[in-house]
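Proteins get letters first, then strands, A, B, ... in listed order; numbering begins at 1 in each.
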There are 2 protein chains.
Amino acid sequence: MDMPISPAVHSRVTCSNCLLRNLCLPPGLSHRELECAEHLVSTRLRIRRGASLYRSGDAFKSLYAVWLGSLKSTTSSDDAREQVTGFHMTGDMVGFDGLGAGSHTSDVVALEDTEVCVFPYQRLEEVTSAVPALRQHLHRLMSRDIVRQQRLMLMLGGMHAHERLAGFLVDLADRFEARGYSGREFILRMTRAEIGSFLGLTLETVSRVMSQFLRDGLIDLRNVKQIRLADPGRLRRIAAGTDVAKTQGLGRAPDAHLRVLRPARTVAAARPEMAAEFA
Amino acid sequence: MDMPISPAVHSRVTCSNCLLRNLCLPPGLSHRELECAEHLVSTRLRIRRGASLYRSGDAFKSLYAVWLGSLKSTTSSDDAREQVTGFHMTGDMVGFDGLGAGSHTSDVVALEDTEVCVFPYQRLEEVTSAVPALRQHLHRLMSRDIVRQQRLMLMLGGMHAHERLAGFLVDLADRFEARGYSGREFILRMTRAEIGSFLGLTLETVSRVMSQFLRDGLIDLRNVKQIRLADPGRLRRIAAGTDVAKTQGLGRAPDAHLRVLRPARTVAAARPEMAAEFA
DNA sequence: CGCGCCTTTGAGGGCTTTCAAGAGAAGTGG
DNA sequence: CCACTTCTCTTGAAAGCCCTCAAAGGCGCG
């Protein structure tokens, strides 16, 4: 049931010709370094919609780069509770959660038929030790994951349903745009339930807010899944909490969550010269 | 109004004698490797309570290991909203958020007078390229950060106030215990407002739930800050959502947030032979 | 074409927030 | 050392946002 497209290379994946090279690899690699990088990827893996790339508890062996399609990752606590912790699309690196304990702590499932490039960690170790630029790039990718999750926590922590969904949509738009697709119109590969889980809302609330956005002319919908951001600016303002009128009930005070706690001043950057004195 | 900046401490820091060595450095380093590691830390830095180690926007130059004291890190969105994204205590590594973009995206502030060891990133780069064990350790630490945040997202996403606070307390207890302190009785260095911000609750709710726990004999309080977990087992059950009776209103259905979505099957671990199949 | 999953929409209730006030603790300066 | 200021914590009452429960329409798929 697969239609062969290119009579392509077989076992060997070639990064140098890959259109996504700038996403997985750092820019400006020398010829020699690029050659090293070639050895990073062993195979490409195909995951059918609904199948999982790995599951919580699986031994950590590789990192993966999304080559085609999209996935979600979910974490579940001791009890049955489960939550979507992220969506991954073309060019994203997946699997960092396994590095810590040697086994994965989350499940990663394909939202559609998907292909990923496999980076065996052992080989990654070897290559990154030789190529500083690659090592740095890897660190950058991990750090980006951390920062992204911090932003998400901000959403989950104190934002209203409207703000969360708006934030979700513009984030998605930005990521599509960064990959060369339209940031104005795209397809939501995930269900309302998955969006809700990701945002800490119920699927009903997601649906309701989506309808509200639709009524307010902020978005257009086609077939439920295809969405067009009719007013990205306002969506962005809503996400930032800067939108005064809001979409329904009038706004509340900008925050109040965390009143100023204490005066603060940076120490790390300042005066490393002042010496002496010990604890 | 400003706090006097404390004199930064410039002592020759020796990792080999450090009691916290097992937290910052991987176990089982050879003598030679340990010698390399010595070069990692340049100085120890002192931060007075309320002062910040670094702030959002500061250039990323170093990672820091908490040597004494405790800190919080906060992220703020475009608008004035601010949220605590983590608490750091002895042995924790801090600063990973800066690796991604080259500048920090969060603020880190001392909750009490604190000292941190400074790991200049450039030197870290050099040393880790030579010592694989150190490189791996660094990756592990970053990954652990990611996993920890995933757990936190689970809390913020769908848990009740009781469950969040219980989870917060037992997590804190575990961390103290892992560091050799009592996991039964410890001091909360952060305010209720900071706990609330971290958990996505208001300070009033934190206070209320804390009082509830007190009434139910789950904890003991002394001076508001000093806490003793009187019934850690039950706290753990509450955090996991396994506790039937709960502390007040009767429990609700275990979840319902994310009903089973699709059948799933792991692809990465299984049958690597059918991997190379091509698009 | 029918079944199942996803989505939408409504009504009611509950958990948290918001607003407010007072007690308690901590730091400051006389 | 104590009074003062300031911050933190506690507690109450009312309101609100979101969840839960329920039912029906839509869409894809076998």
| Residue pair Ile47(B), Glu115(B): steps toward the side-chain contact (heavy atoms from CB on, under 4.5 Å) verdict | CA-CA 6 Å; Ile47(B) 310 142; Glu115(B) 289 183 31; over 6 Å; no
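- Computed from coordinates, the Asn223(A) CG to dC29(D) C1' distance equals 16 Å when rounded to whole Å.
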Write out a two-atom table: protein N or O, nucleotide N or O from nucleotides 7-11 of chain C, distance below 3.5 Å.
from    : atom 1 : to        : atom 2 : distance (Å)
dT7(C)  : OP1    : Arg192(A) : N      : 3.4
dT7(C)  : OP1    : Lys225(A) : NZ     : 3.1
dT7(C)  : OP2    : Arg192(A) : N      : 2.9
dT8(C)  : OP1    : Arg192(A) : NH2    : 3.3
dT8(C)  : OP2    : Arg192(A) : NE     : 3.0
dT8(C)  : OP2    : Ser207(A) : OG     : 2.7
dT8(C)  : O5'    : Ser207(A) : OG     : 3.1
dT9(C)  : OP2    : Ser211(A) : OG     : 2.5
dG10(C) : N7     : Arg208(A) : NH1    : 2.9
dG10(C) : O6     : Arg208(A) : NH2    : 3.3

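- Residues Ala161(A) and Val209(A) come closest through the heavy atom pair CB-CG2, 4.0 Å.
- We find that Asp92(A) and Arg175(A) are joined by a salt bridge, their nearest charged nitrogen and carboxylate oxygen being less than 4.0 Å apart.
- An OP1 or OP2 oxygen of dC19(D) is reached within less than 4.0 angstrom by a side-chain nitrogen or oxygen of Thr202(A).
- Taking the six-membered ring for Trp and the full ring otherwise, Tyr181(A) and Phe186(A) have centroids separated by 6.0 Å or more.
- Between the C1' atom of dT10(D) and the CD1 atom of Ile195(B) lies a distance of 14 Å, rounded to the nearest Å.
- As a whole-Å value, the separation of Ile227(B) CD1 from dC9(D) C1' is 14 Å.
- Spacing between atom CE of Met159(A) and atom P of dC17(D) amounts to 15 Å, rounded to whole angstrom units.
- With rounding to whole Å, Gln212(B) atom CD is found 13 Å from dT10(D) atom P.
- Glu185(A) is linked by a salt bridge (Lys or Arg N to Asp or Glu O under 4.0 Å) to nothing, counting only residues two or more places apart in sequence or in another chain.
- Summarising the geometry, the separation between CZ on Arg189(B) and C1' on dA25(C) is reported as 16 Å, rounded to the nearest angstrom.
- Put simply, CZ on Phe213(B) is 15 Å from P on dT11(D), counting in whole angstrom units.
- Here salt bridge (charged side-chain N to carboxylate O under 4.0 Å, His left out) pairs that include residues 219-231 of chain A, with residues two or more places apart or in two chains, are Asp220(A)-Arg228(A).
- One can place CG of Leu201(A) at 18 Å from P of dC15(C), the figure rounded to the nearest angstrom.
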